[in-house]
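Okay, structure first, notes after.
The model shown is predicted, which means the values in this text are computed figures rather than measured ones.
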Amino acid sequence: MQVLISTLSQGLIWTILTLGVFITFRILNFADMTVEGSLTFGGSLCAALMLRGVNPFLSLLIAGVLASLAGLVTGILNTKFKIQAILAGILTMIALYSVNLRIMGKANLSLLGKSTIFSAINNILPALNSNFVLKTFIIGLVICIISVVSLNLFFKTQIGLAVRATGDNEQMMRALGGNTDFKKILALMISSFFCGLAGALIAQSQGYADVNMGTGSIVIALASIVIGEAFLNFIKLKNKILSSLICMILGSIMYRIIIFIVLNLGMNPSDLKLFTACITAVLLGMPKLKKFKLKLGGNKNA
Amino acid sequence: MLRLNNIYKKFNKNMADEKIIFENFSLHIKKGEFVVIIGGNGAGKSTLMNLISGSILPDKGEIFIDSQNVTNLHEYQRAKFIGRVFQDPLKGSAPNLTIEENLSLALLRDKKRSFSFGINKNNREFFRQELKKLELGIEDRLESKMGVLSGGQRQAVTLLMACLVKPKILLLDEHTAALDPKSSVKILELTEKIISEHHITALMITHNLDNARKFGSRIIMIENGGIKLDTLDKEINFDDLIKRLNITVNKI
Ligand SMILES: Nc1ncnc2c1ncn2[C@@H]1O[C@H](COP(=O)(O)OP(=O)(O)OP(=O)(O)O)[C@@H](O)[C@H]1O
Ligand SMILES: [Mg+2]
């Protein structure tokens with residue numbers, strides 16, 4: 001039971017990252033590699049702030065807000081300097097590696113003995129005092145729900161719709177009077193905010209921040225996105241954006257469950273990244289593979 | 001109304017394949033005119049529209065809309081004055097957004113976007129009324145994705161979107177070329193209806209000379225970076241003209 005809840009909690013916390021990556025890769029159609037840097041940026045900022053005695057909730061928020069600046073940089077590199085999306089993100093990501101080392105002063109910061117948002121909940125729900133796993137679950141769930149609801153509302157506003165249209169048909173958006181550069185930068189900043197927030201949450205839940213904590217996170221998020229999209233076959237709300245956002249939660253949780261299962265089946269943890277990359281590649285390629293199969297079948301009949 | 005003064009435009013400047021499209025090109029369009037632009041492939045018709053809309057900038061020269069100098073305005077800033085329908089029906093709308101979401105974006109073409117909701121009861125009813133005028137039954141499909149509509153339906157909605165906020169100038173770049181003959185006629189009739197109802201100044205590119213005669217109040221032929229013909233005469237005999245000027249126009 002504890003193990004199950006722990007797996008779910010992991011999924012909930014990493015959902016925040018999935019949401020961030022969903023905004024760039026799916027809504028904006030922008031292959032943003034900033035993620036790995038901004039996740040660590042959020043984590044190291046949060047840890048550094050907490051070690052200086054800043055309240056854990058405030059640290060979380062500040063980390064997210066400052067992380068959004070990473071998106072601002074990528075956005076300016078792309079829209080003003082006209083650097084390709086992928087390269088712009090990589091440049092920011094690499095630069096952040098040094099920045100993160102500066103912030104922490106060393107390769108990692110331990111939060112041992114510091115009160116975190118997970119321990120702070122004891123004051124509100126004393127019954128949970130010793131049950132760390134359940135606390136993580138509850139906090140993760142609350143943050144996920146707040147994030148999904150606010151993103152859903154945002155994408156229905158005039159500006160939010162313009163952001164979605166920029167990702168869907170940029171030329172049209174400009175012809176309809178939309179400053180698409182601004183919309184891109186805005187979306188990248190929101191995405192980086194969520195990635196930084198995720199990093200801060202991860203740091204607090206695992207008790208330390210590490211300069212390499214972001215490595216491979218983009219693939220984890222992409223895996224969660226494609227797994228989540230498979231749930232779209234079952235979640236068919238009238239509100240399409242809300243359906244997608246909910247599927248991002250399900251995808252992130254499902255990814256953790258899959259990892260939990262393969263580890264229990266005896267997979268070497270060091271092979272996890274290879275495994276994640278493979279399922280992501282297969283799931284991303286699925287529509288093409290299906291078409292290929294149809295073609296083969298069609299040829300046989302002809 | 002619309003004035004282009006001494007426009008110069010080259011592509012691939014200072015390269016082996018440098019191409020001069022416009023040289024000292026000037027054009028003045030009066031309010032309420034329906035100008036049809038004809039000319040061979042590669043004559044520069046689409047380039048002219050791109051210059052007007054601001055999606056490309058001239059090397060030299062000035063563009064005025066209603067005495068406002070717009071030469072240095074970005075495309076999205078000029079959009080306040082300009083409605084546009086492209087040749088490709090896919091270009092004019094966002095396929096993954098719903099029909100009403102697309103319309104709500106068009107409704108704000110000349111306004112600043114805010115954090116209030118894009119769609120509310122009032123504008124939804126307005127969209128339904130406007131769609132009804134298209135007589136395509138789309139008014140009951142407000143919440144369908146734009147991408148599921150046929151090319152003709154999509155082009156009709158795009159036309160509606162371009163005029164939802166009355167533009168000072170409507171730019172139509174072969175906007176029926178990708179449609180089958182029946183849809184093409186339907187969209188052209190719709191175009192004329194909207195233009196005459198709202199007294200919109202319009203520029204339309206076409207390769208169809210019959211349509212040029214039928215719809216245009218003024219016909220302009222572009223060739224080799226200049227205006228070869230500019231006439232208000234609707235009875236003009238193109239065949240003669242084409243032979244005389246020794247140019248090629250694709251006749252459909
Ligand atoms: N962005 C560009 N870069 C380089 N050359 C271009 C560019 N856009 C257009 N051209 C060239 O400019 C010339 C005019 O193109 P344009 O699209 O304006 O022609 P058009 O009159 O619209 O022709 P069509 O009837 O085929 O649509 C063509 O030779 C084209 O190859
Ligand atoms: Mg053209």
**Item:** Contacting moiety of B:L107, where chain A heavy atoms sit under 4.5 Å
**Value:** neither
**Asked** What part of B:E143 gets closer than 4.5 Å to chain A, counting heavy atoms only: side chain, backbone, both or neither?
**Response** both
**Prompt:** Does any donor atom in the side chain of A:T180 or A:T166 lie under 3.5 Å from an acceptor atom in the other side chain?
**Reply:** no
**From CD (B:Q87) to CG (B:L179), nearest 0.5 Å** = 10.0 Å
**Prompt:** Picking from B:G54, B:A106, B:G118, B:G92, which has the most non-hydrogen pairs under 4.5 angstrom with chain A?
**Reply:** B:G118
**Request:** Measure B:S53 against the heavy atoms of chain A and call it side chain, backbone, both or neither at under 4.5 Å.
**Result:** neither
**Residue part contacting chain A, namely of B:L171, when any heavy atom lies under 4.5 Å** = neither
**Request:** Just say parallel, tilted or perpendicular for the rings of B:H74 and B:Y76, cut-offs at 30° and 60°.
**Result:** parallel
**Prompt:** Using 4.0 Å as the upper bound for N to carboxylate O, is an ion pair formed by A:E170 and A:R174?
**Reply:** yes
**Item:** Proximal component of A:L153, with respect to chain B [non-hydrogen, under 4.5 Å]
**Value:** both
**Asked** In terms of heavy-atom pairs under 4.5 Å, which option from B:S114, B:S55, B:A79, B:S116 contacts chain A the most?
**Response** B:S114
**Request:** Please state whether the side chain, the backbone, both or neither of B:K80 comes within less than 4.5 Å of a heavy atom of chain A.
**Result:** neither
**Item:** Pairwise side-chain contact, B:R154 with B:P95, heavy-atom cut-off 4.5 Å (strictly under)
**Value:** yes
**Asked** Between B:T71 and B:I63, which heavy-atom pair has the shortest distance, and what is it?
**Response** OG1-N, 2.9 Å
**Prompt:** Any side-chain donor-acceptor pair under 3.5 Å between B:T47 and B:N50?
**Reply:** no
**Message:** Less than 4.5 Å to any heavy atom of chain A: does that hold for the side chain of B:K111, its backbone, both, or neither?
**Reply:** neither
